[in-house]
Amino acid sequence: MKALTTTLRPQPVALLLAGTMLAGVPLAAAAQSAPKAPPAARQQQAPAQAAPVAPAVAPVVRTIKTLRVDGSQRIEPETVLSYTKLRLGDQYTNETLDQAIKDLYASDLFADVTVAGAETGDIVLRVRENPIINRVILEGNKRLKEDKITKEIKLKPRQIFTRSAVRADVARIIELYRRQGRFAASVDPKMVNLDQNRVDVVFEISEGPKSKVRQINIIGNEVFPDSKLRSTMATKQSRFFRLMSSNTSYDQDRLAYDQQKLRQFYLTNGYADFRVTSAVAELTPDKRDFIITYVVEEGPRYKFGDVNVDSDIRDFDNKGMAKTLSIKKGDWYDAKKVEDTVDSLSQTAGLFGYAFTDVNPEFQRDRDALTMSINFHIGQAQRTYVERVEITGNTQTQDKVIRREVRLAEGDAFNSFQVKRSTDRINSLGYFQDKFELKQTPGSSPDRVVLEANVEEKATGQLQLSAGYSSLERFIIQANITQSNFRGKAQELRAGVNYSAYSKSVELGFTEPYLFDKNIALGVDLFRRDYNAFNYVGTDRQTTYSQTSTGFQIRAGVPLNEYWSLSGRYGLSYDEVGLDKATYYTDLNGDGIRGNSPGDKCDPLQAGRYLCDSLGNRWTSSVGYSLIYNSLNSRLRPTAGSRFSFSQDFAGLGGDVRYIRTRAEGAKYWGVGKGFVLSVVGEGGFIKSLESSRGPGIDSVRITDRFYLGEPQFRGFDIRGVGPRVIRQYYTTDSTGKQVLITDKNQIVDDALGGKAYYLGRLELEIPLGSGARELGLRPSIYVQAGSLWSITRPLPTAVFPVAADGTVLALPKTNESGQPLFSYTNAAGLSVTTICAAGVPDPSGKCNGIIPNTALIASQPFKETFYGGTASPRLSVGFGVNWTSPFGPLRIDIAKALLTQPGDDKKLVTFNVGTQF
């Protein structure tokens, strides 16, 4: 392998050029040796006697007698000659031959060119062709993939090799690494000679480490410390706690950006004369780090002087507008406030129909008083009208879907507020990339404006897979598929399946937002939901009751104005609540098999009285409405605006259930600066039964119609982890023989009963991250939540157990329908027989004969039931979460800690879910 840096052997062309140059040496020497006279003397002597001039040496001119090419292999001789101006019979000089050699080298086809026969006219061009590239090989590149380098370099297989092309490609590769911040990268090109005048070109790359910013020095700052100024910059000093940051590497573009950030910081703090006099980035000798030094001049601090508005538009009240400005005389000068004022005045002009208003702030600096007076001059403008609305970029979404969200039509007077509202409504569709803006361009005449909606569509289908872990249901898997822009008509089609060991559901839904192209929404939902509650017998989990709901709902909605809308719905469902008969029903015939006789029914000692009271099948026919206010700037990721809804549902339009359910929800969002978004969300509800009492200890609202609270609404708590519940703990004995309650959570029966009233509030702050994190789709937030679920009739105790004199709780004896204790004995056939005789056996008349005691039958081992959650006292949790638009889809991770709890609540620390879009 031969390095390309070896020097080439001297070429004859150099001798030819040297000969040409040496021919002029005597003349130059004679000129230098002649004495120089003063200018005046030369002017006087010129007419009388001219200085002697050496005669010019005429070039030797010869004629080309013969002309041929030697050494060409791939290139035809005629092609070689075509690159020169030499022709048979033409005259030539040494300069002509020099130029021919230069022309052949300029073609990049030859490694060596010489000329023979220059003295006789028999010209022979001897050439050695450049080799052909067989392969281009990259070695040592790990940080940059081969495809990224090969598309940048110019050398390719089957091309002609030249050293200039190699040098150019070396520079390109080094530049690629410098863009990555690897200034220590080096490239050593080498050439491997092959047969048939072919070569392999090998670029041996030493990538080196990323060049970090070791230190940022600031010279000339007196008011603000270095640390404060560094915090405003995008570039950060390399420190161990910034291992994951990309801002610690050197970037020349970022250096210019940081100068703008410094200037912006000082201008917003009153230093109008601030300037950066120099910014120097020095690479350390080892090429591993940069040291950046800024030299600044802060200047004095200014305050606002007089602030006026001077408008050439007659509709404006200059003095009145000046009073409404946020800038006040005597405040510290702030360039950001000036920019905001210009935007505010432009928007105000837009409200009056002036689309292209020129607002020019005129500054008057008083260096003695250190004040900055500003006159906002509003130039003359014409009232404009919408000429047309142009929609481009939509390949799937139909034009009418976008056009009906635009609040201005052709011919309407321009209004900047309606333009902004149109932008928010189009963004809220969720069909297009973020930060869409409805642009304004001049129309065919000065009083016409064209509104351009240049959209960039994104995936509107969503496949969401959620996984969680519950102490009640163990692993939970949910799959939901939604297409929110079905057929490009803004129709929504969705299907969802939830599955766990003890709950399953299937839901289908369809919504047409504009029925028959009218502003009327119509939708339908079909569902089947199965939920199984459970408890433990020992360490085995047993299903207690099952709840199955099957039904549908029809929805319709109409807008009342720009922000208010009204929707109505009708739903019909069939609910089945049952128990596992083999476990929780009685055994009246005494054969040891529960639930196998017609008289068997729910056994409260096994299932609990509160569950036995909830059994049955029923139809629910309900009608409801919702009144909604919505001014959010985005339906998916709002940063400003509010939303409120009030809903009521009336059950009893036929069916077996009668109640009225009322709910209210509200949310408010604020952009609090620098990308932070603060939100307050609250909701609450109450359900009132319209039926008569169903008995003592039985709530009039059935268990399937109540509210439940927990994950995912209330972070920090498990599914149905908040609110009224009954916890059953069995008695056992410890190692000393003392009777104690079981405390193992896996052996405690925990049944959530739901509630008739609830409230839930959340205060959340979304935290902006750097540009790198934003590109990854990370959106973290911190939050605090408070809520409660309560209001239910306290269920009656399932059983009252006898207590021994020493306080030991005894097992409950099994009795017949008359309340007589039951016993068992073994008859002559070896079969177990149930009897009311405590001793002996009954005779045909029913009298007990004998003294041998029988075994008392036990209805239930002793347990303790405790009712929790009958209070409206708030539960409180704090936590943080991260939304990540990952390669697998949207991912949400939450870590929440419950700070305020009530006895019986089920807490949960970590939750997550993941999905994907299509």
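Remember, it's a predicted structure, so these values are computed and weren't measured experimentally.
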Quick one: do Y669 and N633 satisfy side-chain hydrogen bond (donor to acceptor under 3.5 Å, both in side chains)? Show the steps, please.
CA-CA 9 Å; Y669 295 84; N633 64 345; over 6 Å; no
Answer yes or no: is there a donor N or O on one side and an acceptor on the other, between the side chain of E298 and the main chain of V223, under 3.5 Å?
yes
From K336 atom NZ to T341 atom OG1, the distance as rounded to the nearest 0.5 Å:
9.5 Å
Quick one: does F432's side chain get under 4.5 Å of N485's, heavy atoms only?
no
Is there a donor-acceptor contact under 3.5 Å from the side chain of S416 to the main chain of Q347?
yes
Using a 3.5 Å distance criterion without hydrogens, assess whether the side chain of E387 forms a donor-acceptor pair with backbone atoms of S444.
yes
Would you confirm whether R407, through its side chain, and N415, through its main-chain N or O, come within 3.5 Å as a donor-acceptor pair?
no
Closest heavy-atom contact between P300 and Y271?
O-CD2, 3.6 Å
Is there a side-chain hydrogen bond (donor to acceptor under 3.5 Å, both in side chains) between D251 and T235 once you walk through the steps?
CA-CA 8 Å; D251 188 323; T235 303; over 6 Å; no
So, are K151 and D147 salt-bridged, with charged N and O less than 4.0 Å apart?
no
Side chains of I173 and I149: does their closest heavy-atom pair fall under 4.5 Å?
yes
Checking side-chain hydrogen bond (donor to acceptor under 3.5 Å, both in side chains) for the pair Y302/D273: CA distance, chi angles, key distance, verdict?
CA-CA 9 Å; Y302 287 80; D273 295 335; 2.8 Å; yes
Tell me whether S422 contacts the main-chain N or O of V406 through its side chain, where contact means a donor paired with an acceptor under 3.5 Å.
no
Any sub-3.5 Å donor-acceptor pair from Q785's side-chain atoms to R715's backbone N or O?
yes
Going by an N to O cut-off under 4.0 Å, is there a salt bridge joining D258 and R254?
no
Would you call K142-E207 a salt bridge at under 4.0 Å N-O?
no
Taking E457 for its side chain and T395 for its backbone only, find out whether a donor-acceptor pair lies under 3.5 Å.
yes
Heavy-atom distance under 4.5 Å between the side chains of P780 and L769, does that happen here?
yes
Should the pair R172-D169 be classified as a salt bridge under the 4.0 Å nitrogen-to-oxygen rule?
yes
Would you say L229 and Y294 make side-chain contact, with heavy atoms under 4.5 Å?
no
Does the pair R637/E766 count as a salt bridge with the N-to-O cut at 4.0 Å?
no
N883 (side chain) donor-acceptor with R892 (main chain) under 3.5 angstrom:
no
Yes or no on side-chain hydrogen bond (donor to acceptor under 3.5 Å, both in side chains) for E362 and N375, after CA distance, side-chain angles and deciding distance?
CA-CA 5 Å; E362 300 170 347; N375 179 53; 3.0 Å; yes
Less than 6.0 angstrom separating the ring centers of F316 and F352, yes or no?
yes
Taking S344 for its side chain and D340 for its backbone only, find out whether a donor-acceptor pair lies under 3.5 Å.
no
Looking at S211 and K287, would you say the former's side chain and the latter's main chain have a donor-acceptor pair under 3.5 Å?
yes
Run the salt-bridge test on R383 and D447 with the 4.0 Å N-O cut-off and return the result as yes or no.
no
Got L763 and L678 here, is their nearest side-chain heavy-atom distance under 4.5 Å?
yes
Are E297 and R275 within salt-bridge range, i.e. N to O under 4.0 Å?
yes
Using the ring-ring contact (aromatic ring centres under 6.0 Å, His included) rule, pick out the option among F363, Y333, W332 that qualifies with F304.
Y333
